[in-house]
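For reference, the structure is listed below as structure tokens.
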Amino acid sequence: MPIAYLHHNDCLLHDMGFGHPERPARISAIEDQLRASQLLDFVRYYDAPLATRRQLARVHHLKYIDQVLEFSKKEGHAYLDPDTIITPQTPTAALRAAGAVVQAAELVIASKHQMAFCNIRPPGHHALPNRAMGFCFFNNIAVGVAHVLEEYGLTRIAILDFDVHHGNGTEEMFRDDPRVLLCSTFQHPFYPHCGAGVISDHIINVPLPAGTTGDKFREAVILHWLPALHKFSPQMIFISAGFDAHDDDDISQFHLHANDYAWVTKEILLVADKYANGRIISVLEGGYDLHALGRSVAAHLKVLMRMV
Ligand SMILES: [Zn+2]
């Protein structure tokens, strides 16, 4: 069964300006690397639909959703935070990004695909219920998870976040929902400067210091994520797949490599096979060095495609 690959060219229209690391070229760099690695032959391509207001409203405030959507009728740009710039093209890109995860979830629930990868931007895991933050507008993965919880009645969903930044938005949305196990590793102290002190049996935050290598990352996953996952026995797994902890990515001070992403993906796959009928939905978050991003996503997908 091929993996579902969700994307839309509207995701390329959102442009926060010259020199901004979260840029349209990220999406093309991934697709170019997948093509060069001949991995695109093993995916089924889907054009991501627009998320609906109702789907977004499960995790975002209506007033905030409308504030973002209204920008499509405006001109110029505005700063929603010091790093997060909205333009008239942003709402459509953000709706496609969230819509991709909803459709991925439906394809996997319907057993049309066992797994899906959403090559989308803007990313989502910093987006809060009522505001944009850290390059994120709508919390794509949270919109998809909330859709599955509400429409299909699943009661145990795991979100695994290996982006180098803490997914504070996702945590805020599911902090009081024990149906969701959120496991995260992130650089700390670092943006967004939270997550280290959270104590909860369904929020497994593992702050790691600047300089963290692949060995220390793997140790954190083995010691903290895997026991929690085996205890929780998820019915479905979503991955906040950020690749900005890569050694070549200047945005962080972590030193992961493509083989570390392959390793963690394999560990996730083993859990998914044991408890979740192999159901995994991977959603792009960060990753700003174009070559490292392309190579890391290729390594990640090769494992999901069961080629290694
Ligand atoms: Zn990040």
Side-chain angles (χ1 to χ4, degrees), residues 11 14 16 19-27 29-30 80-85 93-94 97-98 101 117-128 131-142 159-173 182-196 198 203-214 216-217 220-221 225 238-258 260-261 264-265 282-297 299-300:
C11 291
H14 164 63
M16 294 191 282
H20 198 294
E22 204 292 280
R23 56 206 192 278
R26 298 176 58 234
I27 299 291
I30 290 171
L80 299 189
D81 86 356
D83 305 314
T84 311
I85 301 153
V101 189
F117 176 69
C118 301
N119 186 13
I120 42 102
R121 61 181 288 279
H125 73 156
H126 296 305
L128 292 160
R131 71 183 170 94
M133 185 175 167
F135 316 164
C136 304
F137 297 85
F138 297 136
N139 196 316
N140 309 316
I141 202 161
I159 302 176
L160 308 177
D161 187 335
F162 53 67
D163 188 281
V164 79
H165 302 96
H166 175 50
N168 58 305
T170 314
E171 179 183 296
E172 179 146 337
M173 287 162 178
L182 175 59
C183 298
S184 173
T185 50
F186 51 93
Q187 183 173 326
H188 183 81
F190 198 44
Y191 186 89
H193 308 288
C194 58
V198 176
I203 308 277
I204 309 299
N205 285 343
V206 191
L208 296 165
T212 289
T213 57
K216 291 291 174 193
F217 166 72
V221 169
W225 285 21
F238 286 69
I239 306 175
S240 260
F243 298 90
D244 43 7
H246 195 284
D247 191 37
D248 293 344
D249 201 313
D250 292 338
I251 212 160
S252 79
Q253 287 76 48
F254 272 22
H255 306 295
L256 269 54
H257 294 93
D260 296 308
Y261 292 114
V264 71
T265 308
S282 174
V283 180
L284 183 66
E285 299 282 0
Y288 304 101
D289 180 274
L290 297 182
H291 292 289
L293 176 62
R295 290 196 310 274
S296 300
V297 172
H300 174 61

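Order of listing sets the numbers, starting from 1, for every ligand and every atom in it. Atom set for the values below is all heavy atoms of this structure, side chains included, hydrogens, waters and symmetry mates excluded.
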**Prompt:** Closest to the Zn ion (ligand 1), which N/O/S atom of Asp163 is it?
**Reply:** OD1

**Message:** My understanding is that only residues two or more places apart in sequence, or in another chain, count here; which of them pass salt bridge (Lys or Arg N to Asp or Glu O under 4.0 Å) with Arg295?
**Reply:** Asp248

**Request:** Describe, in one word, how the ring planes of Tyr261 and His246 are oriented to each other, choosing from parallel (under 30°), tilted (30 to 60°) and perpendicular (over 60°).
**Result:** parallel

**Message:** I'd like the atom name of the N/O/S atom in His165 lying closest to the Zn ion (ligand 1).
**Reply:** ND1

**Prompt:** From Asp244, does some N, O or S atom reach closer than 2.8 Å to the Zn ion (ligand 1)?
**Reply:** yes

**Complete:** Here the gap from Asn140 atom CG to Glu285 atom CD, rounded to the nearest 0.5 Å, amounts to 6.5 Å

**Item:** Heavy-atom side-chain contact between Tyr288 and Asp250 under 4.5 Å
**Value:** no

**Message:** Taking backbone and side chain together, does His125 place any N/O/S atom at a distance below 2.8 Å from the Zn ion (ligand 1)?
**Reply:** no

